[in-house]
Structures are given as structure tokens and as C-alpha cells.
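Per chain, numbering begins at 1; letters A, B, ... match sequence-line order. Note that this is a predicted model, so its numbers are computed, not measured.
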Amino acid sequence: MSARLAPLVNDLSRPFWDAAAQGALSLPHCVETGRPFWPPSATSPFRTAGAVAWRAIEPAGTLLSLVVYRRGFQAPLAAHLPYGIALVEVSPGVRLLAHVDNPDAAPECASRVTLRFAQPQWSQAPVLTVMQPGVQDK
Amino acid sequence: MAFLGGKTAIVGVGASRFERQPDASVLAFAGDALNAALADAGLDKGQIDGLVVQVGSPRGADYDTVALTFGLTPSYCGQTWAHGRFAASAIMQAAMAVSAGLATRVVCLMAMKNSDIGRMGEADNPFYYEQFRENGGPHGEEGHIGMSSPIAGAAMGFDLYCRRYGLDRELLAEIPLTFRRHALLTDDAVMRAPMTAADYRASRPIVDPLRLFDCSPVGDGAVCVIVAAAGEGAREVRITGAQGMHAGRDTFIFAPVGLGMAQQSDRRRTRAEARRQRVYEMAGVGPDDIDVLGLYDSFSPLPLYALEDFGFCDAGDALAWVQGGRIGLGGALPANTSGGQLSQAQLNGWGQIRELVVQLRGEAGQRQVANAARAMWASVGGDALILEGKAA
């Protein structure tokens, strides 16, 4: 078993990861309604068999919720406790999870946050992370 | 709509002990529960022609192993996936099989053993890879960013709930404290040390805002429920209402419908909508007609969401509504009277359903809810059962 955490990457999700490798946040959009959505689907969840196109959006949103891991469950992250996981609304009704390196210095809930893709040692894939100016990657 | 309601009954229940037994076989737990339920129903195993299993290998035993091991010869078998949630669904499946003429007496069996494996999310747990499941884990996990283990989804749902309604998180103590008091009256409960509000506040933080005493203690055990046509058993409890699991973008396993968690909308169910659901329509009753409740409680916030989603109180009101002993024994609507998953044992909800049967038979001893005639199982997953005893 790899010591690094690795998401499943395949043809369905690859546009997200290819964009992430370039530091961009790309989401699938329903072509007919223009609405972005998550998680990825080859057909729109808003229309029967509706067409889908990937488009980049601004990597920012509203911080809705923050939970803080005081107990570790994953060995690769054991040395990084405590860390936070944020729920961020990046477009109306579209919410993504993002890592928070230093939850004690996290932005207030309901505030606007900027997201970036970090590449920490413990993950094989880019990690969507809440920007915390002045806080180093753990 | 009346196709299922009232046509079938729970005619026997049984359980193993629930202490952690790392050296025991899960088949021993399964056998204890099965034989206890057969004895309770006054049935011989040869009279069983249906089998619905929940959990299955590797934490439990699959339907074929159960039949082989205990010498059952079912001609109708079913098995649900290996998580909680599916207690009512398994019993509903049995009721549908009996109603449809596919079987006459169906054993519903949940058996699992957790004491020899790590916690969910950890690498030595057989469910480790669920956090990397395509399009997200079953409790909102996203392993590669550090979102692992079911508790994180429950913590985020509760954080969002408290923020949305401006609630004091400490009010949640009422849930684990109430169920612990019930466990003190329950011989087979595993958590039988008295708990004070100070104990609760001092318990170890796991994923803020949830603490150790907000979590059900994962352990070992089995529960068996036997379903047959109504009218056969002297102590039968009829299944008068049923409603299956809900899913979709507006649901999240650890949040009420429309809370705004994950990809949910922000539109909560109104109380009128909550009271018009299929389970009530089928049974011909409403929340005001329920005498005793079973609520899914693998984490302590979950009962709040079921109370709101099933119309016992308005959206955002449950935390205030449960205060002051309302869901405790002696209160207006006792819930999880044998201690629930938080204090009796983590049994995927089967312990509560067994307790409801015992209550409706009037056999709950010092936990007995006076004149309990109608009981309801209600889960945040949207699934529900309404059960009626002879007194209804």
C-alpha cells in the first residue's frame, strides 16, 4: 500500500486533474442550463442525458463550514494534526471540500476565501487548499 | 398503497451479547441471535424459507454462509450492502417477499464484528478504500485531501446545522445523556457507566465539533428479526407503515434534507410535507400518534435530523425540542429506550427496532413505556417503519 493518499483518476475525472496540475479549477457544466455541478458526470444531473462541457471557474468561494481533525485516521497525515476540512461554495449550489493547513488561523465562516492546488508530500494528487496568507504548507 | 401495510408482522426477535469479543467468530453471534429469535417466535429452523442479511463479509457473514452454517434452506435470499442504514430496508424486503408470495417466514439478520479491525478510515479496516470511492465516499469522504472516516461527514453536517440556525453546540449533550440513562436500565447495553454533562464536555475531541461521546462505540454482535404474514403469532407486532431509503442530490447521509451540505439545496422540508410522507400515509397515522421512537444514532446529531425530516418538529427546532427530557423515558415521546447505538451497542439500528418490538409487546420491564401501542423507526436516511402491537 502506498504511503501517499491517492484519489481514483480516470477518463471521467481527468479534466479536473489535468486542470489542477496547471493550478486551475475546472468543473463540469450542464450545456443546456449552463450550470456547473459536482461530482463529475458524463451527462448532466439536471437534464436527462444532457450534454456536459468542462470549464474553468475562479478558484474562490464562500467558506460555509470547517471541521477540525484532532484524531488522525490516515497514517500519511498523522504528523499534520490538527488540520481542517472546509466546505466551500464555489458557485451557487456547488460546494467543494478543501484542506485547511492551520485551522487555528482559518478564515471565519461566511467569509470569501481563495483556493489553490497544493502538492503536499502526503498526497499523490494536487490538494484543493484554502489559501492562508503567511501559513506554510505542513 | 395498502399493498404492504398491516399484511406482515415481526413474529420473533433475538440478539447475541454485544461485548467486544476479538477471539470469537461472527458466526457465533449470528447463531445466538438466530436461535434466540426462533425460540422467541416458537419456530423451528425448518419453517424458515426466506433470509435477508445485512452487512455480510468481511465484517459479517454473507447469506450463503449463514444458510450453510446453520442448516437453513431458504428459497428467497437477499443481502444489503455492508453499512448501517439498511436495517429497515432489510425488514421491508422481507415484508415485501412475504406479501408477494415469495416466502412465508423470513429471517432478517444483522451480524458484524469490528473488534479485530481498525476504525473506518484506517488502513487496517476493510473499508479503507471507501474514502477514495469514485465521486466521494459514503459519508462524504474525500481521502486524498484528508477527509476520511464517517465522523467527519457527521461533524460537518452538525457544524453547518448549528451555523444555519444559530444554535449552541453544547445543547447536543441532551442526546447522549438521555440514551445513556436508558442504557443504565438495559442489561445488554455495553455503555453502562453513568455519564454526566461534565463527562460529556470533557470527552476527547475527535473531529470538531464532535467528541468521543458523540460516537457510537463500534463493537460486535448480532440481531435477528423474523417476518411472517400477520395473524399467525400471539405476540406479533404488525408492520403497518414502511418507507424506503431516500437518495439524490438533496440528501446527505448525515444531514437533514435540504440543509445545504455537499450538493444539497437550501430548501428544508416543511412540517406539512414531512407529515405527508408515504410511511404515515400507509399506516394511516401521523407523528402525533406515535408512542415510542427508534432513531438512527451512530453519531449524536443524527436523531435531530430524523425528528425534523419526519415532522415531529419544525426544521431547525429539534435541538430545543429534545431538551428537558422530552425523548427520555417518562417524557412525552421516549426514543431509543434501550440506549440506542450511542450506549446500548452500535448495531446499525437493529437494536432499536428490536427494542420497539419488545416495547409494543409490553415486555420492556423497567424501561416499559406505559400503554405503548404504536412505534416508529425513523432514520436520517429517509427510511422508516411504523409498528403496531396488539394494543393499537
Side-chain angles (χ1 to χ4, degrees), chain A residues 1-10 12-13 17 37-41 45-46 63-78 80-87 89 92-101 103 109-110 117-118 120 122-129 138, chain B residues 118-125 127-137 140-164 204-212 215 248-250 252 254-255 258-267:
Chain A
M1 185 179 298
S2 167
R4 299 169 78 197
L5 303 169
L8 182 67
V9 180
N10 57 25
L12 179 64
S13 58
W17 297 110
F37 63 87
W38 192 255
S41 168
F46 311 125
L63 181 66
L64 299 179
S65 172
L66 176 70
V67 299
V68 180
Y69 277 76
R70 304 288 175 186
R71 177 214 196 278
F73 294 88
Q74 299 161 300
L77 270 159
H80 301 284
L81 293 169
Y83 65 85
I85 300 289
L87 183 70
E89 187 158 74
V94 182
R95 305 183 196 94
L96 303 180
L97 295 175
H99 189 87
V100 176
D101 283 316
C109 273
F117 282 100
W122 42 264
S123 176
Q124 279 188 10
V127 173
L128 192 64
T129 301
K138 283 194 285 188
Chain B
R119 284 283 178 152
M120 292 179 80
E122 294 178 334
D124 52 352
N125 186 286
F127 295 90
Y128 174 74
Y129 286 100
E130 278 196 333
Q131 64 191 295
F132 305 111
R133 188 177 75 167
E134 188 162 24
N135 282 3
E141 296 94 330
E142 200 171 319
H144 80 284
I145 73 164
M147 182 78 170
S148 68
S149 199
I151 185 177
M156 187 169 278
F158 185 57
D159 180 66
L160 204 59
Y161 178 84
C162 288
R163 289 182 194 284
R164 175 160 174 171
R204 189 159 54 90
I206 307 294
V207 177
D208 297 347
L210 296 186
R211 304 172 179 143
L212 183 64
C215 306
R249 298 179 75 81
D250 218 12
F252 180 76
F254 292 151
L259 181 69
M261 175 68 185
Q263 310 310 317
Q264 290 182 310
S265 74
D266 290 324
R267 189 191 166 282

Problem - Phe158(B): ring-ring contact (aromatic ring centres under 6.0 Å, His included) partners, not counting sequence neighbours - result: none
Exercise for the section: Check each atom of Ala152(B) against the heavy atoms of chain A and say whether the ones under 4.5 Å are side chain, backbone, both or neither. Expected result: both
Practice task
Look only at the side chain of His99(A) and the backbone of Ile145(B), and say whether a donor-acceptor pair between them is shorter than 3.5 Å.
Solution key: yes
Exercise for the section: Report the distance from atom CH2 of Trp38(A) to atom CZ of Arg249(B), rounding to the nearest 0.5 Å. Expected result: 11.0 Å
Handout entry: Between Met261(B), Gln264(B), Glu122(B), the one whose heavy-atom pairs under 4.5 Å with chain A are most numerous
Key = Glu122(B)
Exercise for the section: Output the distance between atom OG (Ser148(B)) and atom CG (Leu5(A)), rounded to the nearest 0.5 Å. Expected result: 8.0 Å
Practice task
Indicate the atoms forming the closest heavy-atom contact of Pro39(A) with Gln263(B), along with that distance.
Solution key: CD-CG, 4.5 Å
Handout entry: Proximal component of Leu210(B), with respect to chain A [non-hydrogen, under 4.5 Å]
Key = neither
Problem - Contacting region of Met120(B) [heavy-atom separation from chain A under 4.5 Å] - result: backbone
Exercise for the section: Assess whether side-chain contact (heavy atoms from CB on, under 4.5 Å) is satisfied between Ile85(A) and Glu142(B), documenting all intermediate values. Expected result: CA-CA 10 Å; Ile85(A) 300 289; Glu142(B) 200 171 319; over 6 Å; no
Completion exercise
Okay, Leu97(A) and chain B: the region with an atom under 4.5 Å from a heavy atom over there is both
Exercise for the section: Against chain B, work out which of Ser123(A), Pro126(A), Ala125(A) has the most heavy-atom pairs shorter than 4.5 Å and name it. Expected result: Ser123(A)
Handout entry: Options Pro45(A), Gly72(A), Ala98(A), ranked by heavy-atom pairs under 4.5 Å with chain B, top entry
Key = Pro45(A)
Exercise for the section: Examine whether an atom of Arg204(B) lies under 4.5 Å from a heavy atom of chain A, and if so say whether it belongs to the side chain, the backbone or both; otherwise answer neither. Expected result: side chain
Handout entry: Value rounded to 0.5 Å, distance of CZ in Phe73(A) from CD in Gln131(B)
Key = 10.5 Å
Practice task
Indicate the atoms forming the closest heavy-atom contact of Arg95(A) with Ala262(B), along with that distance.
Solution key: NH1-O, 2.6 Å
Exercise for the section: Might you point out which heavy atoms bring Met156(B) and Ala86(A) nearest each other, and give the distance in Å? Expected result: CE-C, 4.0 Å
Problem - chain B contact via Ala110(A) - side chain, backbone, both or neither, heavy atoms under 4.5 Å - result: neither
Handout entry: Residue of the set Val67(A), Leu87(A), Leu66(A) for which side chain to side chain contact (heavy atoms under 4.5 Å, CB included) holds with Leu160(B)
Key = Leu87(A)
Problem - Sub-4.5 Å side-chain heavy-atom contact between Asn10(A) and Glu134(B) - result: yes
Exercise for the section: Quick one: which of Cys162(B), Ser149(B), Ser265(B) has the most heavy-atom pairs under 4.5 Å with chain A, could you say? Expected result: Ser149(B)
Handout entry: Residue Arg133(B) versus chain A: region with a heavy atom under 4.5 Å
Key = neither
Problem - Least distance between heavy atoms, Gly146(B) atom then Gln74(A) atom - result: CA-OE1, 3.3 Å
Handout entry: When Ala75(A), Gly93(A), Cys109(A) are compared by non-hydrogen pairs under 4.5 Å with chain B, the top option
Key = Cys109(A)
